[in-house]
Amino acid sequence: QVQLVESGGGLVQPGGSLRLSCAASGSIFSINAMGWYRQAPGKERELVATMPSGGHTNYADSVKGRFTVSRDNAKNTVYLQMNSLKPEDTAVYYCNARIMVVGDYRYLERWGQGTLVTVSS
């Protein structure tokens with residue numbers, strides 16, 4: 001009924017940049033927060049950045065000053081611009097959104113399928 005589809009992952013050298021995109025589709029009535037999480041091999045999933053519909057963005061300390069989250073509400077899309085990438089940024093990046101579908105009155109958490117980002121020389 002609702003899908004989050006990510007794109008933009010890949011292999012990049014240290015110091016390089018990538019831009020991730022995540023588009024929500026389906027019977028969407030409203031979207032609250034949208035953002036990104038990541039999971040590195042052998043580690044737990046962690047917050048990267050979130051952006052509420054009308055509030056203050058939140059970044060993990062490890063990405064502050066290097067990553068920027070943005071939204072296009074007309075397209076139900078969230079982006080993650082990643083600059084000055086480091087090997088420790090290597091992970092599967094997951095899109096996350098709290099979505100109210102048509103006919104419901106609750107915001108439910110949704111996840112994308114994940115996109116792999118590999119930072120290596």
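The residues of the chain are indexed from 1 along the displayed sequence.
Here the closest non-hydrogen pair linking Ser17 and Asn83 is OG-OD1, 2.9 Å. Smallest separation of non-hydrogen atoms from Met51 and Thr57: CG-CG2, 3.5 Å.
The cluster map of Ile, Leu, Val, Met, Phe, Trp and Tyr, joined by side-chain heavy atoms under 4.5 Å apart, puts Met100 and Ile28 in different clusters. Under the 4.5 Å side-chain heavy-atom criterion for ILVMFWY residues, no single connected hydrophobic cluster contains both Met82 and Val92. Val2 and Ile31 fall within the same hydrophobic cluster, defined by Ile, Leu, Val, Met, Phe, Trp and Tyr side-chain heavy atoms under 4.5 Å apart, directly or through other members. When the side chains of ILVMFWY residues are joined at heavy-atom separations under 4.5 Å, either directly or via intervening members, Phe67 and Trp36 end up in a single hydrophobic cluster. Criterion: ILVMFWY side-chain heavy atoms under 4.5 Å apart, direct or through other members. Under it, Met34 and Tyr94 are not part of a common hydrophobic cluster.
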What do the steps show when you test Asp61 against Lys64 for salt bridge (charged side-chain N to carboxylate O under 4.0 Å, His left out), and what is the final call? CA-CA 5 Å; Asp61 288 343; Lys64 283 180 180 177; 3.1 Å; yes
Criterion side chain to side chain donor-acceptor pair (under 3.5 Å) on Tyr79 and Thr68, from CA distance to verdict: CA-CA 8 Å; Tyr79 305 95; Thr68 302; over 6 Å; no
Applying side chain to side chain donor-acceptor pair (under 3.5 Å) to Thr77 and Asp72, what does each step give before you reach the verdict? CA-CA 5 Å; Thr77 299; Asp72 184 335; over 6 Å; no
Check the pair Asp89, Arg66 against side chain to side chain contact (heavy atoms under 4.5 Å, CB included), reporting the backbone distance first and the verdict last. CA-CA 11 Å; Asp89 294 318; Arg66 300 188 297 123; 2.8 Å; yes
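Among Val63, Leu18, Val117, Val48, the single residue meeting the side chain to side chain contact (heavy atoms under 4.5 Å, CB included) criterion with Leu80 is Val48.
Put simply, the side chain of Glu6 gets close to the backbone of Gln113: a donor and an acceptor are under 3.5 Å apart. Of the possible polar contacts, one joining the Tyr59 side chain to the Val69 backbone as a donor-acceptor pair under 3.5 Å is found. Between the side chain of Arg98 and the main chain of Glu109, no donor-acceptor pair closer than 3.5 Å is present.
Interatomic distance, Arg110 CZ to Cys22 SG, rounded to the nearest 0.5 Å: 12.5 Å. Ser7 OG to Arg19 CZ: the interatomic distance, rounded to the nearest 0.5 Å, is 9.5 Å. Thr50 OG1 to Asn58 CG: the interatomic distance, rounded to the nearest 0.5 Å, is 4.5 Å. The CG atom of Leu116 sits 12.5 Å away from atom CZ of Arg38, with the distance rounded to the nearest 0.5 Å. If you take CG on Leu4 and CG on Asn96, they are separated by 8.0 Å, rounding to the nearest 0.5 Å. A distance of 11.0 Å separates CD1 in Ile99 from OG in Ser27, rounded to the nearest 0.5 Å.
Ring centroid separation for the pair Tyr37 and Trp111 comes in under the 6.0 Å cut-off.
Side-chain atoms of Ser70 and Val78, non-hydrogen and from C-beta on, never get closer than 4.5 Å to each other. Side-chain contact between Leu11 and Ser120 is present, with at least one heavy-atom pair separated by less than 4.5 Å. Two residues are said to be in side-chain contact when any heavy atoms from C-beta on lie closer than 4.5 Å; Val12 and Thr118 fail this criterion.
Crowding of Glu44 atom CD: a count of heavy atoms from other residues, nucleotides or ligands under 6.0 Å not exceeding 12. In Gln39, the CD atom is crowded: over 12 heavy atoms of neighbouring residues, nucleotides or ligands sit closer than 6.0 Å.
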